[in-house]
A.B. asks: 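Okay, handing you the structure first.
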Amino acid sequence: MENEDNISDVVVPSKPNPILEKLLVFKVYKRRWFILFVLCLLNCSNSMLWLTFAPVADQSAQFMGITLDQINWLSIIYMVVAIPLSFGTTWMLDTLGLRITLVLGSWLNMLGAVLRFVGVLGSIPSAAKFPVVMGGQTLCALAQPLVIFTPTKLAALWFPEHQRATANMIASMSNPLGILVASIFSPMIVGTTNNIPSLLFIYAVPAAIICFLATVGIRDSAPPTPPSASAESSNSEPFLGGIKLLLKNKAYMILLLCFGSGIAVFTCFSTLLEQIMCVRGYTNDFAGLCGGLFIVFGIVGAGFLGLYVDKTKKFTEATKVNMCLSALACIAFSVVSQMRNQGIAVAVVCSLFGFFGFSIYPVAMELSVECSYPVGEATSAGLIFISGQIQSVIYILLLQGLTKQMADSPFSTCSAGGDAALSWRVPVLVMAGLCSVFTCCFAIFFHTEYRRLDAEAQAGGKKPTLTTCNNSNKPNSDDPPN
């Protein structure tokens, strides 16, 4: 096994290029795994806080004395806040750096989680509970773009070319892992409406721990020496200049619109799953199980797909195939979710939907960087996230508007009275239709070159030697390689 404390020999190209002299040795540092670990925890915690109430929408509405529409706004606020803030976040990542962005995100996440807990204490008047909880949820929403934009930036700055897609996959999949935790544990913890304070306290504890780890443990935005040729020019394009280049990039704009729609469909699925299924007689626990299967199989699919793409670099092919399969799964869900006593079929369809759908996210984020290079990673990935958030708000409001009050719902397990007795037959069919239309557009019209990989291939006749260093005790070391 290679001794990671030793630096291997330098490989010098036969025709040295003065521009690339400082890139003759690429090094990777062990502490990149700690930063990735903290980012995963933060991403997971933030998504737990995002969908805390969705799996227990009925009980939460009863506890705070509000309607299901107001409960849905506790999820929608993430998208509303993220849309204007995302532009500042992309600038912050490309200008101020990774460390400041992550530390700020961890503090907002922690303060929001604590404020939510305070809002449901017995000493708070009933009329003030929802506004205070919404205030805490808004702080958590402010943290989301600071956290969710960082995987591509972290992968580009700290990881070598053959690990980028895998690192991005690990960091990105921590977000649905948080949704999984919320989907399974929120119904288990709540049980009755009296346990809402316990639920919010349990979710606030890890947020505080993660804030401490990020503040104390992350000491650098970038390593002393880059892990790849493209890492040296990670933010070579100014922010506004990068925006202009992206708007003129046809392939990127297609990805922006079509994959943004995919993000919106998955947001709708995660937010509205319990409300869709309880009308047909399925319990909150079963809806939580389906949400859990959706995430678990999504993470498994992302693991396989990330490793495959890291080896083959077939970003476009992998994205197109998985988008088509996830559209078929979405159509199947729109049918079986409206049938009674079809628990196995619903669970299988949710598993397939997650396996093919969630696995696309990290690959599509890498694809956005490849087709837009040399625009900064935070800018190219961030605009796609903004597109997804805008479309998520539109989709959720549209689907809610298409529901109809049911005259009779004898099998309903919804516990929030008349507000929950809504027919979701038309909304889920519309969701499946939107997913199918944008998938077809992407499969037909999207074509691109891998600009970042091409730039690295042209950087020199030979690839510089990649070395691994363990200088975790000297985070600010600028010592030249031996």
Side-chain angles (χ1 to χ4, degrees), residues 1-7 26-48 89 92-94 96-110 113 143-144 146-178 181 205-228 231-232 234 299 302-303 306-307 310 362 365-366 377-378 381 466-479 481:
M1 180 179 294
E2 180 181 344
N3 186 347
E4 292 190 339
D5 293 323
N6 295 328
I7 301 177
F26 299 148
K27 297 195 298 183
V28 291
Y29 298 81
K30 283 186 175 180
R31 67 179 184 270
R32 72 190 187 278
W33 297 110
F34 174 78
I35 301 174
L36 179 62
F37 174 68
V38 173
L39 173 58
C40 289
L41 292 178
L42 182 55
N43 212 345
C44 181
S45 172
N46 189 256
S47 60
M48 287 167 55
T89 301
M92 182 181 296
L93 267 172
D94 285 334
L96 300 182
L98 193 68
R99 180 182 183 275
I100 293 177
T101 304
L102 282 178
V103 171
L104 177 59
S106 68
W107 276 92
L108 288 171
N109 194 63
M110 183 270 292
Q144 187 190 42
L146 299 175
V147 175
I148 210 166
F149 286 13
T150 52
T152 53
K153 192 72 173 179
L154 174 64
L157 289 178
W158 285 88
F159 288 83
E161 176 266 337
H162 66 279
Q163 293 179 351
R164 281 197 302 245
T166 301
N168 197 359
M169 177 272 296
I170 294 172
S172 298
M173 286 301 101
S174 60
N175 182 272
L177 181 61
V181 173
V205 171
I209 296 173
I210 295 164
C211 180
F212 173 79
L213 290 176
T215 303
V216 175
I218 300 178
R219 293 170 287 178
D220 293 283
S221 292
T225 57
S228 65
E232 185 68 13
S234 175
I299 294 173
L307 293 173
D310 251 343
M365 291 295 103
E366 284 293 302
E377 296 84 8
L466 177 65
T467 67
T468 304
C469 299
N470 180 14
N471 65 339
S472 57
N473 296 325
K474 298 182 290 182
N476 297 315
S477 173
D478 292 321
D479 295 338

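Because the structure is predicted, anything quoted here is derived from the model rather than measured.
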A.B. asks: Work out which heavy atom in Arg31 is nearest to a heavy atom in Pro223; give both atom names and the distance.
C.D. replies: NH2-CA, 4.4 Å

A.B. asks: What are the two closest heavy atoms between Asn175 and Ser47, and how far apart are they?
C.D. replies: O-OG, 2.6 Å

A.B. asks: If you look at every heavy atom in Ala302 and Pro362, which pair is closest and at what distance?
C.D. replies: CB-CG, 4.4 Å

A.B. asks: Can you name the side chain to side chain contact (heavy atoms under 4.5 Å, CB included) partners of Thr166, sequence neighbours left out?
C.D. replies: Met169, Ile170, Leu307, Asp310

A.B. asks: May I have the list of side-chain donor-acceptor pairs in residues 100-107 shorter than 3.5 Å, sequence neighbours left out?
C.D. replies:
residue, atom, partner, partner atom, Å
Thr101, OG1, Gly97, O, 2.8
Ser106, OG, Val103, O, 2.7
Trp107, NE1, Thr215, OG1, 2.9

A.B. asks: Trp158 vs Leu36, test: side chain to side chain contact (heavy atoms under 4.5 Å, CB included). Steps then yes/no.
C.D. replies: CA-CA 9 Å; Trp158 285 88; Leu36 179 62; over 6 Å; no

A.B. asks: Looking only at heavy atoms, what is the nearest atom pair of Ala222 and Leu157, with distance?
C.D. replies: CB-CD1, 4.5 Å

A.B. asks: Working to the nearest 0.5 angstrom, can you tell me the gap between Glu366 CD and Asn168 CG?
C.D. replies: 4.5 Å

A.B. asks: Output all residues satisfying side chain to side chain donor-acceptor pair (under 3.5 Å) with Asn109, sequence neighbours left out; order by chain, then residue number.
C.D. replies: Ser45, Asn46

A.B. asks: Could you grab the distance from atom CG of Leu42 to atom CG of Leu213, nearest 0.5 Å is fine?
C.D. replies: 10.5 Å

A.B. asks: Would you indicate whether Phe34, at its atom CZ, is surrounded by more than 12 heavy atoms from other residues, nucleotides or ligands within a distance under 6.0 Å?
C.D. replies: yes

A.B. asks: Going by the rule side chain to side chain contact (heavy atoms under 4.5 Å, CB included), which residues pair with Met48 if we only count those two or more places apart in sequence or in a different chain?
C.D. replies: Cys44, Val181, Tyr203

A.B. asks: Might you point out which heavy atoms bring Ser221 and Leu98 nearest each other, and give the distance in Å?
C.D. replies: OG-N, 3.2 Å

